Amino acid sequence: MLDLTFPNLNDKQREAVFTTDGPLLILAGAGSGKTTVLVNKVAYLIEGKGVKPYNVLAITFTNKAASELKTRLNAMLGQSGEGIWASTFHSACMKILFRDIKKINYPENFCIYDTADSLTVIKECLKELNLSDKIFPPKQVRSAISRAKDELLFPDEYENICDGDYRLSQICKIYRLYNDKLKTYGALDFDDIIMLTVLLLEQNPDVLSFYQSKFKFVLVDEYQDTNHAQYRLVSLLAGKHRNLCVVGDDDQSIYKFRGADIENILGFEKQFPEAKTIKLEENYRSSQNILDAANNVIKNNSERKSKRLWTSKGEGEKITLFKGQTEYDEARFIVEKIELSAKSYNDFAVLYRMNSQSRVIEDALTRAAIPYRVLGGLRFYDRKEIKDAIAYLRLIFNKNDNVSLKRIINEPKRGIGKTTVQYAEDLSAQLGISMFDVCKKARLYPTLERSRARLEQFCAMIEGLGGIEQQPFDAFVKEVLIQTDYIPALEAENSIESITRLENLYELISSAKEYEQSADEPSLSGFLESVSLVADVDNYDEAQNAVVLMTLHSAKGLEFPTVFIAGAEEGVFPSLLSTASNEELEEERRLCYVGITRAKEQLYITHAGTRTLFGSTKHNRLSRFIEEIPSSLIENLTSSLIAPKQATVATAYAKTNILSPAAKPKKPAMSFSAGDTVLHKKFGNGVIINAINVGNDYHLEIAFESCGTKHLMAAYANLTKL
DNA sequence: TGCGGTGGGTTTTTT
DNA sequence: ACCCACCGCA
């Protein structure tokens, strides 16, 4: 039973829960229990004030946050919580759009383009407008358009701000064409999902008033990360009842480069003069030393609401600073600390500024046979084979989707080459009909004569697949991949790479099954939506016993007993590209604040005297952010303990190996012995002639069928035993 | 149509 | 150092 006096909350948290009416700004410092407040507040609304669940809208940024909210509400409220809209910005908007998108003249069977798909369209636009991709780099153009959409500027409005500027007006031209193309393809990009929802609400008073009446209480998490469009959306939805509760931390705003407008949170009290503000400053996560370090760093920022985190926990461990000679040395230190600790692997996170920093650390972990996972980098849904599979499904669902058609029309090879595709694309643009229709009626167009039979066959195949969309959804997906010859072609290839791809495809098929089991009304469009709107962190499973590696950005919202911040160097963190402007520097500093406050018990900060960066060797000074931490909080391991100046990387590694075996029993790496048949990524099949156990690793002599005998270390070779 | 070589450009990215 | 996009050849 829910105790409506909320004895487990502190005074401030309780005040935040009980303040239900009118605008409320909750400034929640890192680790101050904001999700708890949010959950309890919704519970109080429903159980304490008799609010109906369907009158509550709770918005988050990530699926992970949304599902955590749902799970905790479910645990607290059970059945009476059914009907609450607890979802991300994008999926809430998708629900609104599904009902009424036709009112703004968009097709109902639209699909969602991710950033890679958008880029394809941008490139089409550049080609069509005869603009050079050297002068207008597609990625820059895409981000300019994305920013415009964040600001709710349609091409017409964007034109006004171009003010005769050549570059901007060209970008505006691209923007216009890009939007036209998306519309004819029946596609929305991520930004459209928000922007068009705002448009729909603004242009249709009946729709707006429906949702305004429905959402008597609106709660928004991570408000510091909202952009202008999201701000507008929230203002519209909460416009009638004005029971808007926003939770955020201006010190954790790290997505300005994506259009997040910190003014939304800083100016909340201006927007709603009657607003109440509650600060949550008691931290339940970290030791005082860690909080002091964070406070001392962040206080150097000028534009912020003052806040000071405190805890009733003790001082805790000092923060450890380590300077390695090189990045290899740095990685070795991290691995050694993990090996020597009694904690389990999933208590550790290694955070860095750039994804490219992970490689060296991964190598060191592999060498020590420590299980790890890397978040970020290539997402599952960004893999080629997965994107191809989705493209087939999208095309079956929506024949206007030229981007998907282009992606798979010759994948696997069907003898439909670049030239043919280009002809079809030109015809599609000239005639204003889809490429699919052009290909289907290839006989009408002389330029397509040579490929006519193959094009017609392709179209017939796709249309045929639309007819078999029957019961078990995973079976349908599989059938599509078989009938299109996609899976058979990979099977025929029978290489290491094709096997991995097949594995990924089967994973997609099983996710189709999961989708069907969990969705209320499973549909192809619903599945496509669900795969379009997932992020990598969403799949981060903290239960898995492995060290986790990720960027500082991805770490927001997570916590770990022990955190390493690697690469604390000028030019790396803060990034070289941020050091020019103070605004960007302050954003980097907030990123540092986020990083520090992820740690519960122990924080290690590492840097390297020499680092190879973008191909050249750099000597970077210690990060200015670390200089901002009082030295009384830091224990400097740099010159003591493990790293005598003359130590080479090799001897340092040798030392690791001497130290580690006694440290802790750990999962032995895969074992190898002479006579085993193994598979290597590059060299193919081979037989082990000789295997020597070296520490946690094996030194192997392998006779490969393709290229003779090679000497390899098992940890590096990434072998599969056959 | 499909490949291999060359050259330019490098952050972060909840959806 | 590595990844990509583009060009030239088989």
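Convention: sequence-line order gives letters A, B, ...; per-chain numbering from 1. All values reported here derive from a predicted model rather than from experimental measurement.
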Exercise for the section: Quickly work out the Glu68(A) CD to dT14(B) C1' distance and round it to whole Å. Expected result: 14 Å

Problem - Between P of dT14(B) and CE of Met550(A), the distance in whole Å - result: 12 Å

Practice task
Check whether any side-chain N or O of Arg332(A) sits under 3.5 Å from a backbone N or O of Ala364(A) as a donor-acceptor pair, and report yes or no.
Solution key: no

Practice task
Check every strand shown and say whether Asp133(A) touches a base, only sugar-phosphate, or nothing at a heavy-atom separation below 4.0 Å.
Solution key: sugar-phosphate

Fill in the blank from the handout: ring-ring contact (aromatic ring centres under 6.0 Å, His included) filter on Tyr231(A), not counting sequence neighbours, yields His228(A)

Handout entry: Any donor-acceptor N/O pair, Thr579(A) side chain to Leu576(A) backbone, under 3.5 Å
Key = yes

Problem - Qualifying residue, where the test is salt bridge (Lys or Arg N to Asp or Glu O under 4.0 Å) with Asp388(A) and the options are Arg383(A), Arg407(A), Arg394(A) - result: Arg407(A)

Practice task
Identify whether the distance between the nearest side-chain nitrogen and carboxylate oxygen of Arg304(A) and Glu586(A) falls below 4.0 Å.
Solution key: no

Check: protein-nucleotides 7-10 of chain C nitrogen or oxygen pairs below 3.5 Å:
none

Exercise for the section: Could you check Arg414(A) against Ser532(A) and say which one's nearest nucleotide on DNA chain B is further toward the 5' end? Expected result: Arg414(A)

Practice task
Examine Phe110(A) together with Phe98(A) and report whether their ring centres are nearer than 6.0 Å.
Solution key: yes

Practice task
Just call it for Gly557(A): base, sugar-phosphate, or nothing, with non-hydrogen atoms closer than 4.0 Å on any strand.
Solution key: nothing

Could you go over nucleotides 8-13 of chain B and give all protein N or O partners under 3.5 Å, atom names and distances?
from: dT11(B); atom 1: O2; to: Arg353(A); atom 2: NH1; distance (Å): 2.9
from: dT11(B); atom 1: O2; to: Arg353(A); atom 2: NH2; distance (Å): 2.9
from: dT11(B); atom 1: O2; to: Ser575(A); atom 2: OG; distance (Å): 3.4
from: dT12(B); atom 1: OP1; to: Asn355(A); atom 2: N; distance (Å): 2.8
from: dT12(B); atom 1: O4'; to: Arg353(A); atom 2: NH2; distance (Å): 2.9
from: dT12(B); atom 1: N1; to: Arg353(A); atom 2: NH2; distance (Å): 3.3
from: dT12(B); atom 1: O2; to: Arg353(A); atom 2: NH2; distance (Å): 2.2
from: dT13(B); atom 1: OP1; to: Thr551(A); atom 2: OG1; distance (Å): 2.6
from: dT13(B); atom 1: OP1; to: Ser554(A); atom 2: OG; distance (Å): 3.3
from: dT13(B); atom 1: OP2; to: Asn355(A); atom 2: ND2; distance (Å): 3.2

Exercise for the section: Decide, yes or no, whether a salt bridge links Glu124(A) with Lys127(A) under the criterion of side-chain N to carboxylate O below 4.0 Å. Expected result: no

Exercise for the section: Name the nucleic acid region contacted by Ile59(A), choosing base, sugar-phosphate or nothing; use a 4.0 angstrom heavy-atom cut-off, strictly under. Expected result: nothing

Practice task
Measure from CG on Leu613(A) to C1' on dC3(C) and round the result to the nearest Å.
Solution key: 15 Å

Practice task
Rounded off to whole Å, could you give me the CD1-to-C1' distance for the Ile416(A) and dG2(B) pair?
Solution key: 16 Å

Problem - Rounded interatomic separation in angstrom, taking NZ from Lys618(A) and C1' from dA1(C) - result: 12 Å

Problem - Ion pair Asp189(A)/Arg142(A), N-O distance below 4.0 Å - result: no

Practice task
State whether Thr60(A) places a side-chain N or O below 4.0 Å from either non-bridging phosphate oxygen (OP1 or OP2) of dT14(B).
Solution key: no

Problem - Asp221(A) side-chain N/O to Phe61(A) backbone N/O, donor-acceptor pair under 3.5 Å - result: no

Exercise for the section: Figure out the CG/P separation between Asp191(A) and dT14(B), and round it to whole Å. Expected result: 13 Å

Practice task
Name the nucleic acid region contacted by Ser91(A), choosing base, sugar-phosphate or nothing; use a 4.0 angstrom heavy-atom cut-off, strictly under.
Solution key: nothing

